[in-house]
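Taking it in order: structure first as structure tokens, then the write-up.
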Amino acid sequence: MEKRLSFEKEKNGKQAADGRRISTQELVLGGVFTTLIAVGAFIKVPVPVVPFTLQFLFTMLAGLLLGGRRGAMSVGVYILLGLIGLPIFAEGGGFWYILKPSFGYLLGFMLAAYVTGRMVERRARLLTGWVIAVNFLGLFIVYAAGMIYYYVICNYVIDTPIALGPLFLYCFVLAVPGDICLCVLAAILTVRVKPVFDKMRGKGAV
């Protein structure tokens, strides 16, 4: 009995270690999404009032397709590369970028990728409507982090005060419609692509 319990413990420990280990294939896929996020920052979709980029789409897909931890790592690597000086942010790169009011949205991307990715990982069957709801939660996380950071940096760091009314108008109302469309698009892509994606990674259906 003791030998059996010891064997089960060893087996469970090995499975946990395997779950934490990142394979070469997953490193490559993470790098692909990091690249897509960087490229997405410069793909601007011309719509009335506030043009938007495809960056949010790729950060969402990173979490939904790679999983919470690996998706967040992909976004984190993108942020790190930008902070060390690579011009991959929408307005360049460099450590000074943390003083830009919009930097909070980048942090929101990473957190949202983790949360939405974890939720999808725990779901046995993905339905488009459910994934859309998950993406809306991710959208809320991104805008909450972005607007709070924007307000703090403007009012308490760089001395360019902004009231809550203009902040809500320009950083949410005018910007969010395009991202809502991306939430729907990401859900449709995830439901169709994830089973193939999981097979490619050597996993069963999630």
Is any side-chain heavy atom of [X] less than 4.5 Å from a side-chain heavy atom of [Y]?
{"X": "L182", "Y": "M60", "value": "yes"}
{"X": "V77", "Y": "F33", "value": "no"}
{"X": "V120", "Y": "W130", "value": "yes"}
{"X": "M119", "Y": "L137", "value": "yes"}
{"X": "L99", "Y": "F103", "value": "no"}
{"X": "L61", "Y": "T190", "value": "yes"}
{"X": "L139", "Y": "F56", "value": "yes"}
{"X": "I84", "Y": "F95", "value": "no"}

Please tell me whether [X] and [Y] are part of a single hydrophobic cluster in this structure, the criterion being side-chain heavy atoms less than 4.5 Å apart.
{"X": "V142", "Y": "I43", "answer": "yes"}
{"X": "F168", "Y": "Y151", "answer": "yes"}
{"X": "Y170", "Y": "I162", "answer": "yes"}
{"X": "L83", "Y": "V157", "answer": "yes"}

Nearest 0.5 Å, please: how far is [atom2] in [Y] from [atom1] in [X]?
{"X": "L126", "Y": "R192", "atom1": "CG", "atom2": "CZ", "answer": "14.0 Å"}
{"X": "L189", "Y": "L64", "atom1": "CG", "atom2": "CG", "answer": "10.0 Å"}
{"X": "I132", "Y": "I188", "atom1": "CD1", "atom2": "CD1", "answer": "6.5 Å"}
{"X": "L167", "Y": "F172", "atom1": "CG", "atom2": "CZ", "answer": "11.0 Å"}
{"X": "S102", "Y": "I153", "atom1": "OG", "atom2": "CD1", "answer": "10.0 Å"}
{"X": "L164", "Y": "L169", "atom1": "CG", "atom2": "CG", "answer": "12.5 Å"}

Locate the shortest heavy-atom distance separating [X] from [Y]; write the atom from each residue and the value.
{"X": "A113", "Y": "V75", "answer": "CB-CG2, 4.1 Å"}
{"X": "A112", "Y": "G138", "answer": "CB-O, 3.5 Å"}
{"X": "I158", "Y": "P101", "answer": "CD1-CG, 3.9 Å"}
{"X": "P195", "Y": "V191", "answer": "CD-O, 3.5 Å"}
{"X": "G108", "Y": "A145", "answer": "CA-CB, 3.8 Å"}

Check: [X] side chain, [Y] main-chain N or O, donor-acceptor pair, under 3.5 Å:
{"X": "Y78", "Y": "I88", "answer": "yes"}
{"X": "Y149", "Y": "I98", "answer": "yes"}
{"X": "N135", "Y": "V184", "answer": "no"}
{"X": "T53", "Y": "K44", "answer": "no"}

Quiz item: Within a reach of under 6.0 Å around OH of Y150, are more than 12 heavy atoms found that belong to other residues, nucleotides or ligands?
Solution: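 Atom OH in Y150 is not crowded, with 12 or fewer foreign heavy atoms closer than 6.0 Å.
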Quiz item: Does atom CZ of F140 have more than 12 heavy-atom neighbours, drawn from other residues, nucleotides or ligands, at distances under 6.0 Å?
Solution: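 No.
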Quiz item: How far apart are the C-alpha atoms of F89 and L106, what are their side-chain angles, what is the distance that settles it, and do they pass the side chain to side chain contact (heavy atoms under 4.5 Å, CB included) test?
Solution: CA-CA 9 Å; F89 294 150; L106 296 177; 3.7 Å; yes
Quiz item: Step by step, would you call Y143 with D179 a side chain to side chain contact (heavy atoms under 4.5 Å, CB included)?
Solution: CA-CA 10 Å; Y143 275 88; D179 288 333; 2.5 Å; yes
Self-check item: Derivation of the side chain to side chain contact (heavy atoms under 4.5 Å, CB included) call for F109 and I37
Solution: CA-CA 10 Å; F109 288 153; I37 294 167; 5.9 Å; no
Quiz prompt | Partners passing side chain to side chain donor-acceptor pair (under 3.5 Å) against Y105 (at least two apart in sequence or in another chain) | solution =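 With sequence neighbours excluded, Y105 shows a side chain to side chain donor-acceptor pair (under 3.5 Å) to no residue whatsoever.
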Quiz item: So which pairs with a foot in residues 93-110 pass salt bridge (Lys or Arg N to Asp or Glu O under 4.0 Å), sequence neighbours left out?
Solution: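 Sorted pair list: E91-K100.
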Practice problem: Given side chain to side chain contact (heavy atoms under 4.5 Å, CB included), test R125 with L127 step by step and report yes or no. | Solution: CA-CA 7 Å; R125 184 185 176 196; L127 300 175; 3.9 Å; yes
